[in-house]
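Beneath this line is the structure, given in structure tokens, with notes to follow.
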Amino acid sequence: MALKAQALYDFIAEAGNNELTVKEGETLIITNQSIGGGWIEAQNSRGEVGLVPEDYIEFSKPVPSFPGAGTAAPAISVGNVAIPDLSIFDSYAPAAAPAQTQVDAGGLSPQPDTPDTPVSPYLSSPDEASNGNDPWSVWNADPSGGSNNNWASNPEGTQTGKSPADPWGSVSQGHPQAYQGPDIYPYPYLIDNTGAEDDEWDDEWDDMKSTGGYAESESGDAGAIQRGAHASSMKISLNKFPGFSKSGPELYLLCKQIAKGKEKLPIYIGEVGPVWSYPETQLDCVVADPKKGSKMYGLKSYIEYQITPNTTNRPVNHRYKHFDWLYERLLDKFGSAIPIPSLPDKQVTGRFEEEFIKMRMERLQGWMTRMCRHPVVSSSEVFQIFLTYKDEKDWKTGKRKAEKDETVGVMVFTTIEPEAADLDLVEVEQKCEQFNRFTKAMDDGVKEILTVGNEHWKRCTGPLPKEYQRIGKAFQNLSAVFNSSGYQGESTLTDAMTAAGKTYEEIAQMVAEQPKKDLHFVMETNNEYKGLLGCFPDTIGVHKAAIDKVKEADKLVATSKITPQDKVTMAKRVSTMSYALQAEMNHFHSNRIYDYNRVMQLYLEEQVKFYETIAAKLRQAHSQFTTM
């Protein structure tokens, strides 16, 4: 008996990619389950055969017969092996916990793209910037950080122990990068679906990943949003954001291992306080020249990008999955100390379209630029091998070495060496709270900019141009009426009125296009910082948990769980953590001042050009009327 499945969602096939278009609820016959890469070959009711994302279908289950009724439970046939259907025992099993990765499709229904409902590429709704996906909700819910007196337990409200509300939420805003091309609006297909992404690991690279010797790396699930999409079909996303190692801070506070000398990360005291050690030459790279490749004998396609660092001027090639791998490694290694913003979203529909390829390339460029500007990330071995590998063997060797790195999670603090004296616990806690308050306040301010900018974008691309068009049409209609009077000598007036009407139609077009020239950059910058700020609750949470552990030191000594020397070590190491946090915040502030100064200058320069052009057009229209 052929194995059947039912389509859970609509899927639009990419032309020339051997895919099969299916509709939600359609029954399919599975013809090949061994395609791999998250795809299955299926046949629809019309006899058409093609590839369908595995996550888009649900295998049909035969209706079981109850034991005792004289019939055995039916079997599901897979190949030549019959597997008995044990679903009859489901009714006796305890209720399963609801899956945390389910995404409600009800709120993601696509809206028709009409002039009255313009779409912003940054927020799916005006209030999205302040919706329930607040990464700071853990601090709002538990300001104390949640300590406990049991050393074996992990404090609530941090990365360890009882999990707080997921900072990424069930729907996560992507993190577009700053200063990308203004001609990328709108994108009708910015919908994420990891399961159907072409960037699955190749067989030769599908190695078992090492989790290191200290803690196992965990992965969190989060969805991706439809960034203002007016797509023909909606994809439900189950995008995986790998979480960095969630070992408790005590692993570092009492660890005995000393990092090797070459791994040390010095922190110096500069004019603004603790700072990372910056290289003499700023690392930079260029992401360019996207090319389409194929695998599986041409059944699947992918896009490969060329990355050229300024240190070697020798290009290397990477696919999106390699960027995703780099992000995961950086997050695992540095996420306890350094906020690592996520990549641009993965994609199914339109992923080979020219505009989407350009958009992804520009945002990958922005992400790489952000990483290159960080002195710790840019000098790390994993980042360097990504930029400078010589051949495939060199890439595989560096990849495996990075996956076996044991200095991950909180253990990254073992590599940090401040040059200043140790801080007392009160000062450490004050610094932590100061940064927590600032980043939370900035997060609120960024969300306000995104909300206001989203509403303004909609007005500029919808009702406002319409108003100018109506004014221009009204002037031209009145001019036509005047022209029909038959009165000699009024052609000068009617010609001038017609020209004025056309001027207002030109202004309407300018208004509709202007957001791409100025507001786009403001929104991109704030979207990027929204992503960066969303990383801080986890990073600050590590510090809060460490502070709580040091506060418990006296009780732990009294109960012989640690020695007095361990208490001294803990205080010294939480001071080191504080220096790292201060150095990171100073780096963040330096970049923030540069980025916002640059983007505001650009925005205002473009606004001046916009209004000067309008003024010139109105003066020209005005000059055609006769002075009486």
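For the 3.5 Å distance criterion, the side chains of Tyr596 and Asn526 qualify, holding a donor opposite an acceptor. For Glu304 and His322, the side-chain atoms include no donor-acceptor pair closer than 3.5 Å.
Annotation: cation-pi geometry not satisfied between Arg592 and Tyr529 (NZ/CZ under 6.0 angstrom from ring centroid, within 45° of ring axis).
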Assess the residue pair Phe386 and Phe323 against the criterion (ring-ring contact (aromatic ring centres under 6.0 Å, His included)); give the C-alpha distance rounded to whole Å, side-chain angles, the decisive distance to 0.1 Å, and a yes or no.
CA-CA 9 Å; Phe386 183 84; Phe323 286 93; 5.2 Å; yes
Determine, step by step, whether His589 and Phe438 satisfy the ring-ring contact (aromatic ring centres under 6.0 Å, His included) criterion, reporting the C-alpha distance in whole Å, the side-chain angles of both residues, the deciding distance to 0.1 Å, and the verdict.
CA-CA 11 Å; His589 289 321; Phe438 173 81; 4.9 Å; yes
Would you sort out whether His318 and Trp325 count as a ring-ring contact (aromatic ring centres under 6.0 Å, His included), showing the intermediate values?
CA-CA 11 Å; His318 282 297; Trp325 174 87; 8.5 Å; no
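In this structure, Phe334 has its ring center no closer than 6.0 Å to that of His374.
Between Tyr252 and Phe413, the angle of the ring planes lies from 30° to 60°, which puts this pair in the tilted group.
Residue Met361 holds its CE atom at 11.0 Å from CD of Gln306, rounded to the nearest 0.5 Å. Expressed to the nearest 0.5 Å, how far CG of Leu425 lies from SG of Cys432 amounts to 10.5 Å. To the nearest 0.5 angstrom, Phe521 atom CZ is 7.0 Å from Glu606 atom CD. Here the straight-line distance linking atom CE of Met368 with atom OG of Ser378 works out to 10.0 Å at 0.5 Å rounding. Put simply, CG on Asn317 and OG1 on Thr308 are 8.5 Å apart, with the number rounded to the nearest 0.5 Å.
Side-chain contact between Val574 and Met570 is absent, with no heavy-atom pair separated by less than 4.5 Å. Leu326 places a side-chain heavy atom less than 4.5 Å from the side chain of Phe383. Residues Thr525 and Met600 have side chains not in contact (no heavy-atom distance under 4.5 Å, counting atoms from C-beta outward).
Of the listed residues (Arg329, Lys401, Lys333), just one forms a salt bridge (charged side-chain N to carboxylate O under 4.0 Å, His left out) with Glu381, and that residue is Lys401.
Salt-bridge formation is not detected for the pair Lys431/Glu427: no Lys NZ or Arg NE/NH1/NH2 atom is positioned less than 4.0 Å from an Asp or Glu carboxylate oxygen. Between Asp548 and Lys544 there is no salt bridge, since no side-chain nitrogen of the basic residue lies less than 4.0 Å from a carboxylate oxygen of the acidic one.
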